[in-house]
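Working notes, beginning with the structure itself.
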Amino acid sequence: MGTEHILSIGGVSCRELAETYGTPLMIYDQAEIERKLTSFRKHFVSDKLQTEVAYASKAFTCKALLQLVKAAGCSLDVVSGGELHCARGAGFPMEKVFFHGNNKTPAELSMILENGVGTVVLDNEMEAALLVEMAAEKQKEIDVLLRINPGVEAHTHQYIITANPDSKFGIYIGERQRIVDLLKLVQSSKFVHFKGFHAHIGSQIFDSQAFLSEIRTLAEFSKSIETELDLPVPFISLGGGFGAYYTEEDQPIPVEEICSLLVKACEEEAEKNALSLQKIIIEPGRSIVAEAGSTLYTVGFCKSNANKNYVFVDGGMADNIRPALYQAKYRCDVVTKADAPKTLTATVAGKCCESGDILIENASLPAVEPGDLLLMYTTGAYGYSMASNYNRLPRPAVVFAKDGQAKLVIRRETFEDLEHLEL
Ligand SMILES: *Cc1c(COP(=O)(O)O)cnc(C)c1O
């Protein structure tokens, strides 16, 4: 990685971005997001099946991002009334929206029906019953997928094909009667149309075997349901979970490779099981935005304790809770000393009042000083979208940089914003 890359994003220098917008600052390389979206669209294709790529907006969303998703011809996953509201505000076509979640409220189900959302991904029996009732009452039609738990669980380097019947999401595939009863209820509705099954087996997955195992399981299950209920299963959604590169420990499967692998496996399973499958869907979130995003911080104080050097920055767990929440690992560089030798091993920590507010353990850094700019890479997914106002820290600004131009897409929160909701 050359100095050029370290110093600038989307052709805009990080120093200039810090001067204009302040820190902490979320910076997205817009062209990188566009490349990822286009790449999924281009490679997740089949001669035999229709394909659809839905961006999982919980990874990061705002109007500017939704415009890119729309322009790339992708669909959208939302998981709450709030995300749906923002999608509508951005003019995202409602028929291309999938609404997920294990506990959609009556108000959310109502919003779904009133706004013409394309597909609801059902989670459980009570939800199915309520949706059937509400759709009849409102005389509104809706397509549904049913989330099933295939008993395949994957996380990063490992996957397990052990039955975990107790996940909070979906209905476990081994509980066939519950699934059959739910589908019969849906079949009896004039307004709710069953389209197929959905599964999502984890996140930051590097092992393609996990996806292949998921596809086999879904295909065989679909076949058995088609036979038993005389109910076609035209769609299968494989969920998301494709990995991103955070550190050298990570080896994500290239987009073109994973896409063609999934498509081939689906084609083969459809043929082998003589399925009435028409369309396959994937839902990448992290893999679209993670690597495109970086967070720029200003270094404050540094201190050397008995066994540990600390470098403190002007953000932390309030803008990126992933290290504290999942021991997520990151890389960083000091923009203002990009060419200096890395002589210091230090823990990069935030300013929040929590001992766990650590961003990077044992980072290799040049000898830093207060005022230096530290750029943390791959913060584009589940960073801003999980940000809080803990310690009443205002949330950072977000800029999109491309072709030497920076565009402010979310302004920095102010102290006034923090009082905004108080009466
Ligand atoms: C979170 C989520 C995704 C996206 O997962 P990534 O790991 O970000 O790709 C896709 N589908 C569903 C149902 C999800 O909950």
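Every number for a ligand or one of its atoms is a count from 1 in the order of the listing.
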Q: Scan Arg286, Arg331, Lys329, Glu291 and name whichever one has a side-chain hydrogen bond (donor to acceptor under 3.5 Å, both in side chains) with Tyr246.
A: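 Output: one option passes, namely Arg286.
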Q. Parallel, tilted or perpendicular for His200 and His198, by the 30°/60° rule?
A.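 The rings of His200 and His198 lie parallel, inter-plane angle below 30°.
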(Q) Just to be sure I understand the cut-off, which residues have at least one non-hydrogen atom under 4.0 angstrom from an atom of ligand 1? (A)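 For ligand 1, the residues that come within the 4.0 Å heavy-atom cutoff are Ala56, Lys58, Asp77, His100, Arg147, His198, His200, Ser203, Gly240, Gly241, Glu283, Pro284, Gly285, Arg286, Tyr382.
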Q) Looking at Arg35 and Glu32, does any basic side-chain N land under 4.0 Å from a carboxylate oxygen? A)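 Glu32 and Arg35: salt-bridged.
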(Q) I'd like to know if Glu220 pairs up with Lys223 as an ion pair, taking the criterion as any Lys NZ or Arg NE/NH1/NH2 lying under 4.0 Å from an Asp or Glu carboxylate oxygen. (A)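 No, Glu220 and Lys223 are not salt-bridged.
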**Q.** Residue list, side-chain hydrogen bond (donor to acceptor under 3.5 Å, both in side chains) with Tyr326, at least two apart or on another chain
**A.**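 Result, side-chain hydrogen bond (donor to acceptor under 3.5 Å, both in side chains) vs Tyr326: none returned.
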Q. Are any of the side-chain heavy atoms of Phe211 and Ile258 separated by less than 4.5 Å?
A.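 Counting from C-beta outward, Phe211 and Ile258 do come under 4.5 Å.
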